[in-house]
Amino acid sequence: INNSVLTILTPTGSSSTNVWLKLKNGIYNGQIKKIALHPQWVGNDVNIMIKRFCDPDGSMYVTTGQEAEIILNKGGQTLNLLYIDNDTNVSDGYWILLDNNFDFI
């Protein structure tokens, strides 16, 4: 998943396997990122791997092999993330979850 502000994941046919995606680092401190599953999405889970992530409890996931994984599994679900990077070292920024929305259609 690129680091643009909005990513809409749309159905691309029928597959019986899960979809695995990796979220890239943000571009700047305070960047907002929204990831949305199109309402017509059916079937497979979408597993989003985030290399540098801080969960709501303050736990950091920054080690290779311990990436955070967020799963979307129904059309209409969205994630809103915020990128935090307080200095010029590109490799130490991280994403935090602002909120999520679930539309049950």
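Quick note: numbers below take in every heavy atom, side chains included, and nothing from hydrogens, waters or symmetry partners.
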| field | Contacts of Asn3 that satisfy side-chain contact (heavy atoms from CB on, under 4.5 Å) - sequence neighbours left out | value | Ile27, Gln31
| request: For residues Ile96 and Cys54, report the shortest heavy-atom separation together with the two atoms involved. | output: CG2-CB, 3.5 Å
| said: Let's go through Ile32 and Leu82 carefully: what are the C-alpha distance in whole Å and the side-chain angles of both, what is the deciding distance for side-chain contact (heavy atoms from CB on, under 4.5 Å) to 0.1 Å, and is it a yes or a no? | reply: CA-CA 5 Å; Ile32 300 288; Leu82 175 67; 3.7 Å; yes
| field | By side-chain contact (heavy atoms from CB on, under 4.5 Å) - contacts of Lys34 (at least two apart) | value | Leu6, Thr78, Asn80, Asn101
| field | More than 12 heavy atoms of other groups within 6.0 Å of Leu98 CG | value | yes
| Residue pair Gln77 / Leu72: nearest heavy atoms and the distance that separates them | OE1-CA, 3.2 Å
| field | Minimum heavy-atom distance Trp20-Asn47, with the two atoms named | value | CH2-ND2, 3.1 Å
| request: Could you pull out all residues at least two apart from Leu9 that satisfy side-chain contact (heavy atoms from CB on, under 4.5 Å)? | output: Thr7, Leu21, Ile35, Leu37, Trp41, Val46
| query | Do the non-hydrogen side-chain atoms of Tyr94 and Phe53 ever get within less than 4.5 Å of each other? | reply | no
| query | What distance do Asn29 atom CG and Asp85 atom CG have between them, rounded to the nearest 0.5 Å? | reply | 6.0 Å
| task | Please name the pair of heavy atoms, one in Tyr83 and one in Tyr28, separated by the smallest distance, quoted to 0.1 Å. | result | CD2-O, 3.4 Å
| Backbone N or O of Asn18 within a donor-acceptor pair of the Asn44 side chain at under 3.5 Å? | no
| task | Could you tell me whether the side chain of Lys33 reaches within less than 4.5 Å of the side chain of Leu79, counting heavy atoms only? | result | no
| query | If two hydrophobic side chains count as joined below 4.5 Å and joins carry through other members, does Ile50 share a cluster with Val19? | reply | yes
| remark: side-chain contact (heavy atoms from CB on, under 4.5 Å) filter on Glu67, not counting sequence neighbours, yields Met49, Lys51, Thr64
| Asn2: partners by side-chain hydrogen bond (donor to acceptor under 3.5 Å, both in side chains), with sequence neighbours left out | Ser4
| query | Is there a chain of hydrophobic side chains (I, L, V, M, F, W, Y, each step under 4.5 Å between heavy atoms) that links Leu97 to Trp95? | reply | yes
Side-chain atoms of residues 55-62: list all donor-acceptor pairs with protein atoms under 3.5 Å, sequence neighbours left out, distances to 0.1 Å.
residue, atom, partner, partner atom, Å
Asp55, OD1, Asp57, N, 2.9
Asp55, OD1, Gly58, N, 3.0
Asp55, OD1, Ser59, N, 2.9

